[in-house]
Amino acid sequence: MARAPAFLALMCLVVSSLAGGAEANNNVGVYMLKRGNFSVKMTNWGATIMSIVVPNSKGHLADVVLGKDTLNEYFNDGCYFGPLTGRVGQRIARGRFVLDGKVYHTYVNDGRNTIHGGRRGFSKVVWTVKEYVAGGSSPYITLFYRSFDGEEGFPGDLDVYATYQLTGPYALSIRTNATALNRATPVNLLQHLYLNLGGEGSGDVLGHKLRLAASRYTPLDDELLPSSGRVAPVAGTSYDFRSPTPIGARVRRVSGGRGLVGYDTNYVIDGEGMRKFAAVWDDASGRGVELWANQPAMQLYTGNGLNDTVRGKGGKVYGRYGGFCLETQGYPDAVNHPEFPSQTLRPGQVYKHDMLYKFYF
């Protein structure tokens with residue numbers, strides 16, 4: 001456990017060295033999508049969701065997204081509060097992979113490994129606003145980013161689009177696609193949204209009841225890498241959420257890697273295509289959310305790295321387990337595991353990753 005404090009500091013500071021750069025201050029704005037009493041606030045810095053405000057059954061509104069108050073604070077955020085990460089979300093072992101016989105080295109920013117695209121991943125760049133409709137029956141914003149050949153060590157130019165749209169009374173759709181322009185490259189985009197259905201800063205989420213459509217998971221080592229390449233059944237383990245179970249019921253029985261305790265676990269989601277991955281319900285607030293997506297896997301993260309020193313909105317301090325992340329994705333470190341579904345995108349091919357958050361009360 002002695003290693004934990006250093007790791008906690010790393011988790012929330014790995015990308016802060018870019019803050020205040022010229023790019024962080026040019027053409028960055030805040031955009032609101034609003035439908036009735038349901039609203040989502042975005043910034044094109046990192047394609048980041050800054051807030052989601054939803055009512056409960058009594059009509060009481062709350063912002064259920066952990067984050068910061070100002071754009072400047074997002075420039076300095078190393079905890080990944082709400083951005084779209086890439087070119088490859090999650091970890092790449094030793095910042096190295098081989099593609100078509102050539103060795104590529106990506107920027108190492110997580111111990112010996114790469115996480116969420118490197119030091120200057122998609123979460124730390126300015127996205128271009130292509131379209132923006134703030135109100136009406138289906139408000140939306142479409143963002144664009146061209147990732148250049150060699151960025152953070154990844155091969156080839158890549159065009160990426162992300163559309164955030166309120167498609168129902170309390171439904172947020174996120175549709176992303178990426179096209180490889182001239183060279184083969186791995187792609188695994190990941191939305192790193194921290195939720196607390198009681199409201200951000202309202203305490204921990206251990207009482208939230210979680211159900212996952214996952215009968216299997218990928219065991220991870222102490223560096224949170226699937227080093228064994230195994231896929232194992234959740235039955236009889238502390239990773240089993242096939243029936244609604246409080247997040248905190250077994251949270252202290254699982255390792256979050258490097259001395260941390262809690263879930264930082266990749267689940268293999270049953271079925272194919274667009275399907276329901278997860279449902280979460282909070283008895284105390286009377287709010288729930290369903291997450292639908294079309295990817296093969298999802299990382300459950302329970303905010304193990306929030307260590308009572310991370311300041312959020314309104315000066316609140318976010319403690320451990322103060323939020324949860326449901327990160328739909330491909331398998332972690334798939335570029336180094338041919339036994340996992342491939343993340344390689346060939347020139348002209350299009351990667352598509354769709355997500356749908358349905359809030360209810």
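Fair warning: this is a prediction, and the values are worked out from it, not measured in the lab.
Salt-bridge formation is not detected for the pair Arg91/Glu223: no Lys NZ or Arg NE/NH1/NH2 atom is positioned less than 4.0 Å from an Asp or Glu carboxylate oxygen. Comment: Arg119 does not engage Glu152 in a salt bridge, judged by the lack of any side-chain N to carboxylate O separation of less than 4.0 angstrom. A salt bridge links Asp159 to Arg146: at least one charged side-chain nitrogen sits closer than 4.0 Å to a carboxylate oxygen.
Between Tyr321 and Val261 there is a side-chain heavy-atom pair separated by less than 4.5 Å. Counting heavy atoms from C-beta outward, Leu326 and Leu300 have side chains that approach closer than 4.5 Å. No side-chain heavy atom of Leu195 sits under 4.5 Å from any side-chain heavy atom of Val280. With contacts defined as side-chain heavy-atom distances shorter than 4.5 Å, the pair Phe340/Asp333 does not qualify. Proximity of Tyr351 to Leu158: side-chain heavy atoms (C-beta onward) are nowhere separated by under 4.5 Å. Residues Asn266 and Gln329 have side chains in contact (heavy-atom distance under 4.5 Å, counting atoms from C-beta outward). Proximity of Gln299 to Leu220: side-chain heavy atoms (C-beta onward) are separated by under 4.5 Å at one or more points. Counting only heavy atoms from C-beta outward, the side chains of Thr85 and Phe122 never approach each other to under 4.5 Å.
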(Q) Could you walk me through whether Tyr107 and His105 satisfy the ring pair (Phe, Tyr, Trp, His ring centres under 6.0 Å) test, starting with their C-alpha distance in whole Å, then the side-chain angles of each, then the deciding distance to 0.1 Å, before giving a yes or no? (A) CA-CA 7 Å; Tyr107 190 95; His105 296 277; over 10 Å; no
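We find the OG1-NZ distance between Thr70 and Lys313 to be 11.5 Å, quoted to the nearest 0.5 Å. Atom NZ in Lys130 sits 13.0 Å away from atom CD1 in Ile141 (nearest 0.5 Å). Of the inter-residue distances, the one linking Leu190 atom CG with Arg87 atom CZ reads 16.0 Å to the nearest 0.5 angstrom. Residue Leu193 holds its CG atom at 10.0 Å from OG1 of Thr48, rounded to the nearest 0.5 Å.
Residues Leu71 and Thr43 approach most closely at CD2-OG1, 3.3 Å, considering heavy atoms. Minimum interatomic distance between Thr142 and Thr163 (heavy atoms only, all atoms of both residues): OG1-OG1, 2.8 Å. Minimum interatomic distance between Val88 and Gln343 (heavy atoms only, all atoms of both residues): CG1-OE1, 4.1 Å. Minimum interatomic distance between Leu197 and Gly288 (heavy atoms only, all atoms of both residues): CD1-CA, 3.9 Å. When every heavy atom of Asn304 is checked against every heavy atom of Leu260, the shortest pair comes out as O-CD2, 4.1 Å. Annotation for Arg242 and Ala214: closest pair CG-O, 3.4 Å, computed over non-hydrogen atoms.
Counting only distance, with no hydrogens or angles, the side chain of Lys124 and the backbone of Asp77 share a donor-acceptor pair below 3.5 Å. Of the possible donor and acceptor atoms, one in the side chain of Asp69 sits under 3.5 Å from a partner among the backbone N and O of Gly314. Checked by atom type and distance alone, the side chain of Asn44 never pairs as donor or acceptor with a backbone atom of Val28 at under 3.5 Å. Without hydrogens or angle criteria, Thr176 side chain to His353 main chain gives a donor-acceptor distance under 3.5 Å. Not one N or O on the side chain of Asp282 forms a donor-acceptor pair closer than 3.5 Å with the backbone of Asn196. With hydrogens and angles ignored, the 3.5 Å screen pairs a side-chain donor or acceptor of Arg35 with a backbone N or O of Ser137. In this structure, the side chain of Arg216 does not engage the main chain of Val268 through any donor-acceptor pair within 3.5 Å. In terms of modelled atom types and a separation under 3.5 Å, the side chain of Lys316 and the main chain of Glu200 share a donor-acceptor contact. With hydrogens and angles disregarded, no donor-acceptor distance shorter than 3.5 Å links the side chain of Thr344 to the backbone of Pro186. No donor-acceptor pair under 3.5 Å is formed between the side chain of Glu151 and the backbone N or O of Ser147.
Side-chain atoms of Tyr170 and Asn37 include a donor-acceptor pair closer than 3.5 Å. Gln191 and Thr328 share no side-chain donor-acceptor pair at under 3.5 Å. For the 3.5 Å distance criterion, the side chains of Asn188 and Gln90 fail to qualify, holding no donor opposite an acceptor. Judged purely by distance below 3.5 Å, without hydrogens or angles, the side chains of Arg175 and Ser173 pair a donor atom with an acceptor atom. For the 3.5 Å distance criterion, the side chains of Asn113 and Asp110 fail to qualify, holding no donor opposite an acceptor. Counting only N and O atoms by type, the side chains of Asn56 and Ser285 include no donor and acceptor under 3.5 Å apart. Of the N and O atoms on the side chains of Thr309 and Asn307, at least one donor lies less than 3.5 Å from an acceptor on the other residue.
In this structure, Tyr263 has its ring center at least 6.0 angstrom away from the ring center of Tyr217. In this structure, Tyr318 has its ring center closer than 6.0 angstrom to the ring center of Phe81. If you look at His116 and Tyr80, their ring centroids are closer than 6.0 Å.
Within 6.0 Å of atom CD in Glu272, 12 or fewer heavy atoms from other residues, nucleotides or ligands are found, so the atom counts as exposed in its surroundings. Shown here is Lys41, whose NZ atom has no more than 12 heavy atoms of other residues, nucleotides or ligands within 6.0 Å.
Classified by interplanar angle (parallel below 30°, tilted 30° to 60°, perpendicular above 60°), the ring pair Tyr301/Tyr194 is perpendicular. Ring geometry for Trp127 against Tyr145 counts as tilted: the plane angle lies between 30° and 60°, on a 0 to 90° scale.
In the hydrophobic clustering of this structure, Phe359 groups with Phe361; members are Ile, Leu, Val, Met, Phe, Trp, Tyr whose side-chain heavy atoms approach within less than 4.5 Å, directly or through other members.
Of the residues listed (Tyr140, Trp45, Tyr132), the one engaging Tyr31 in a ring pair (Phe, Tyr, Trp, His ring centres under 6.0 Å) is Tyr132, and it is the only one.
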